[in-house]
Amino acid sequence: MTNNDTPLIKMAGLKKVFLTDEVETHALSGVHLDIQPGAFVTIAGPSGGGKSTLLSIMGLLDTPSEGKYELNGHPSENLSVRERAQLRNKAIGFIFQSFNLIGDLTVFENVELPLVYRNTPSTKRRTMVREALEQVGMEHRLNHYPSQLSGGQQQRVAVARALVGKPLILLADEPTGNLDSRSGEQVMSLLKGLHADGATICMVTHDPRYLKYAERTIHLFDGQIVDETDPAVLEAAI
Amino acid sequence: MATDPFASKFEQFMDTTRQDVRFSLRQMARSPWFSALVALTLAIGIGGSTAIFSVLKGIVLRELPYPEPERLVAVWEMQDGSISYQPFSGPDYLDVRAQSTTLQELGVTTGRWFNLAADGSPVRLEGARCTASLFRVLGVPPLHGRSFVEDEETEGNNHVVLLSHGLWQSQFGGEPDVVGRRVPVDGVPHEIVGVMPEDFEFPTPWGGRDTTQLWAPLVPPHEDSDRGWHSFGGVGRLADGVTLAEVEVELEAIAAQLAAAYPDTNAHTQMWVEPMMKRALGGVQKTMSFLLIVVALVLLIACANIASMLMARGAQRTPEIAIRSSVGADRHRLLRQLLTESLIQSIFGGIAGVALATWGVGALVAILPGNIPRVAGIEVDTPVLVFAALTTIAAGLLSGLAPALFAARTEIAVVLRDGLLGRGGSRGLNRFLGGLVAAQIAIGLMLVNAAVVLIMSYSNVVSQEMNFKTDEVMVAGISLLGPKYEEPHQRRAFYDELISRVQSVPGVIRAGLTGKLPLRGGSNGDVLVNDEIFDPSSGPGNLVEHSFIDEGYFDAMGIPLLAGRPFNAFDLEAASAAAGLDISPVELPLVINRTMAEQMWPGENALGKLVRPRSAEEHYRARVVGIVEDVMQWGAERPPLPEMYFPYTSEVWGPLWANLVVQAEGDPSPLAAAIRETVRRIDPQIPVAEPTTMAEILHQSTGRRRFAMLLMTLFAATALALIIAGTYGVMSYSVSQRTHEIGVRMALGADKALVIRHFLTRSARLFGPGLVLGLVGSLAASTLTRSMVFGVSPLNPIFVAAGVGAMIIVTSAAVTVPVLRATRVNPVEALKAE
Ligand SMILES: Nc1ncnc2c1ncn2[C@@H]1O[C@H](COP(=O)(O)OP(=O)(O)OP(=O)(O)O)[C@@H](O)[C@H]1O
Ligand SMILES: [Mg+2]
């Protein structure tokens, strides 16, 4: 995919060093990465390779130790904590391996949360939440609590929460990791459908079966991108 | 969209608040026990503070119930420039009232007993004589009728009385037509001229509670020879715009003028004023403020407690906080949510606290010592509720802020990646929790120390050698008033009859009479001893307490004789004859106490020595015939002053008021009825006060100290309970966080003893700084509590050690259970759980 649009994600020379008990861990050591709007990128690589770290930085949950990161053309270095929170709210939708729904909130309230934090009026919130839940096929479970849902259903609610605010990009860290293969398939086809409708997605996965969904796969090894593969080639290799 | 930016902002605010409140309530409902514990802890802190505040408000912060109360002042005389509460003499009062322009009005009063026989059966009432001007000073009109007029301040015209509302209700059935009715007061018909309103409070210049039921006009003595006789409490109202200092300047000038005109009596007399409010409180403010500080400390412990509970729980909520921030909640928003939760918790605690306070105020008023003034205003009313509301908000913020700040600082990336919180609370959080425990222990130690010191002080006060019998001695007040008892020999005949009849009551060992009782104050005067001569220009003389007694008093009261002899019938007869004949000067027999003997005649035998009044006129001349052991005169805490005992018959007008003293073989209370009956048989018109024991009088005189001690002990115990709960909570949390670590240690070969040692060392590290801090705090506070300490040093190493020991026991108890639990960790399980 080569076009002249400004990339949605633009990372250059990105490094991340963790300091724990005087041991330095180089989780990322010089990552260059552009993601165009509408792309579906997967990140693969061995455990400890830095995949989650990269996604956290992309989602403004964490800051790089060095290097440049621009989100939708805005440099992220000079953002205040508050601006980061606002940008996260507007531009990013997260999906986690361990669904991360709030147990004391109903399905509706969980999905509503990003809209609440951007002060959307409640009538408008209601229609948007409904739409999002319809998209993931969970509109009939509005008043259930997460504990009353299966894992696959929880993850679909989490997807609804990620997309309800119409973010610029969906970030998913092993979204199928805690699911059986059938539920995993369901979630993946959901993401595929969203991508078909124009969503930009960046997903970390260990599972080679799902690499095929993406147009582009990045391999992270020891904090560096070692290879970019066409999914077709990869599939052939397995 | 929104047209009015303000309206939409408000809507947003309400929307957010609604959500936060709903979420808080849901959370509370999900862990009802935890919520109940938090609410209970807060209720104790808020309820205690509110109850004490309502007492303080009722007594101290309430205005005096008179128009423009800030203009009311107590006016006193004093000698030789040292501030003392010397009452006015009649002529001095008249002169000041006539000359002062800075005082708009000045009145005087003196308390006394009245015998009222409204419907035939006599009752003995506390009342007051006061000038007509006093009611003008107060500015409170009677409910019915009128108050006194100047004309009634002369002998013969003064047979009028004003009734208190309570007396009107109890003795006259609240009938409005009592005004104008004539009733026998002290055996003489008096006209009722008025009834005071229900909420009227008569000033108590000498402090204490207003118990006045009846007023009669005061006829101020106006002879110059009366200037040495000080017995009237002055109450004045400042003229418009006049300051206290201006009054004192004027009084100084008047006093100087009187000193020049009447050097024999007034050479050293000065006058001073004090705001009536300060007077009305009579020192109670200090006790109550002290207790408010104490209860605020308890509240602080409660807040620290809740903070640590919330923080331990906050750790469990880390994922929720992380998720919220991943979808864009910023710190402000999170803080707001968490503080809303604390406030909601706190409101529940506040409501329970107010309920507790409402009950507690009733209990407090019931145990308030009788000499604490103005209890009528103590209730949970609007200002108290406002105080409770503010305390609730403060407690909510105080207990919620630190946990919220820590929670909002969650490292979201880590938490979200792991899906659960990383093991072990953050080091900062653990350190803060440790700080909270240390602070609680420090405050707890201060409270426990204060309680120990107050308990010891109280025990010292009540276990002092009183030098009189307490449990076996019963006393009853009698006033011999009325035309039948105008002559001293008439009174003497009554008392002789009374004593001999009471002595023959079975169970009575000895009966006697005294004008005043130990511990109950009295009167005093300067004396000259040996061959000293009166010199008005010389400095202060020897101030000596005066008592008038009969020959049976020392035996009946159980006061030991040290030397010489007590009075005998002959002494009384001689004194009486002399008084009757008005031979002046008369040489009277005199018994003095040990302190007087040691002060006036150190190293000498006081027997046979001569005592005279320090005045131009020599009313008496007395020779020491006996020395008795000291008894305390002014309460149970002031060391005995020099005292002299005269035969009661030596006083021309004494004793109109006497106390019958009866020593019984055992418990004297069954004798009460017999004593009343004996008096009734001699003269049915003479009422007797409810007989009481000296033990009860001692009990009353230590009431304020007991009150402070009881509350202090209660609060310290509450604090300890909170601290046990809080320390237990924090230690359980810390142990539960370390289950994995313990498992690893045990897998690597550590045995139980090692694990226990590990945790005890950790606890010691927590408690050590708390104890040190508490000790420093106790030292600092000891200057505050000095006035409440009796016979002990707050720095006494034994008490300090006792306090520290108590804290160590308490905290050890709190850590034992969690630590024992830690030793039962199964290493296999613990490691698998990871
Ligand atoms: N908060 C942290 N503190 C210290 N080191 C960290 C932290 N987070 C990650 N690391 C380290 O950074 C490196 C990269 O971790 P990361 O979680 O990004 O790997 P990953 O590729 O997501 O692995 P996995 O496939 O197991 O999830 C690892 O060595 C890890 O130990
Ligand atoms: Mg990972």
Side-chain angles (χ1 to χ4, degrees), chain A residues 16 18 27 51-53 55-57 59-63 80-106 109-122 124-125 145 158 161-162 164-165 167 171 173-174 177-178 204, chain B residues 1-3 5 7-20 22-31 313 316-337 341 408-422 424 426-427:
Chain A
K16 179 68 182 180
F18 290 107
K51 304 181 296 291
S52 296
T53 307
L55 217 61
S56 297
I57 293 175
L60 297 172
L61 286 176
D62 211 343
T63 48
S80 71
V81 177
R82 185 166 197 166
E83 286 164 337
R84 293 169 69 85
Q86 280 168 359
L87 198 53
R88 197 154 63 225
N89 179 272
K90 293 240 163 70
I92 312 281
F94 276 109
I95 303 159
F96 304 96
Q97 178 175 356
S98 48
F99 330 124
N100 280 336
L101 298 176
I102 296 179
D104 285 334
L105 295 180
T106 61
E109 287 164 336
N110 264 291
V111 176
E112 184 188 31
L113 222 45
L115 302 177
V116 165
Y117 289 138
R118 69 171 76 156
N119 293 325
T120 308
S122 62
K124 191 156 178 223
R125 274 199 319 254
Y145 284 92
R161 185 179 65 191
V164 70
L171 302 179
D173 195 346
E174 301 187 45
N178 282 5
V204 171
Chain B
M1 239 174 50
T3 44
S8 88
K9 266 258 150 36
F10 178 74
E11 217 160 276
Q12 253 172 40
F13 175 87
M14 287 314 290
D15 189 24
T16 305
T17 305
R18 219 173 1 248
Q19 292 187 16
D20 288 351
R22 198 183 324 135
F23 188 72
S24 312
L25 291 176
R26 206 179 287 167
Q27 286 234 317
M28 286 177 67
R30 216 171 57 106
S31 37
R313 217 172 70 123
Q316 294 166 19
R317 287 183 58 183
T318 319
E320 175 211 326
I321 304 293
I323 295 164
R324 286 181 185 274
S325 53
S326 81
V327 297
D330 60 22
R331 265 170 73 80
H332 275 93
R333 187 66 192 75
L334 290 174
L335 280 179
R336 182 171 160 194
Q337 180 202 330
E341 286 176 23
R409 230 175 54 182
T410 302
E411 280 186 54
I412 29 185
V414 179
V415 175
L416 292 173
R417 190 192 51 206
D418 293 356
L420 265 170
L421 76 155
S426 81
R427 208 168 290 174

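Proteins get letters first, then strands, A, B, ... in listed order; numbering begins at 1 in each.
Neither the backbone nor the side chain of B:Glu11 comes within less than 4.5 Å of any heavy atom in chain A. Only the side chain of B:Arg22 comes within contact range of chain A, judged by heavy atoms closer than 4.5 Å. With a 4.5 Å cut-off on non-hydrogen atoms, A:Arg118 does not touch chain B at all.
Between chain B and the options A:Leu105, A:Val81, A:Ile57, heavy-atom pairs under 4.5 Å are most frequent for A:Leu105. Ranked by heavy-atom pairs shorter than 4.5 Å toward chain A, the options B:Arg26, B:Gln12, B:Gln19 are led by B:Arg26.
Relative to the six-membered ring of A:Tyr145, B:Arg30 misses at least one condition, a distance below 6.0 Å or an angle of at most 45° to the axis.
A distance-only check finds a donor-acceptor pair linking the side chain of A:Thr120 to the backbone of A:Leu115 [under 3.5 Å]. With hydrogens and angles ignored, the 3.5 Å screen pairs no side-chain donor or acceptor of A:Arg125 with any backbone N or O of A:Val116.
Checked against side chain to side chain donor-acceptor pair (under 3.5 Å), A:Thr106 has the following partners two or more places apart in sequence or in another chain: A:Glu109.
The CG atom of A:Leu55 lies 10.0 Å from the CD atom of A:Glu174; values are rounded to the nearest 0.5 Å.
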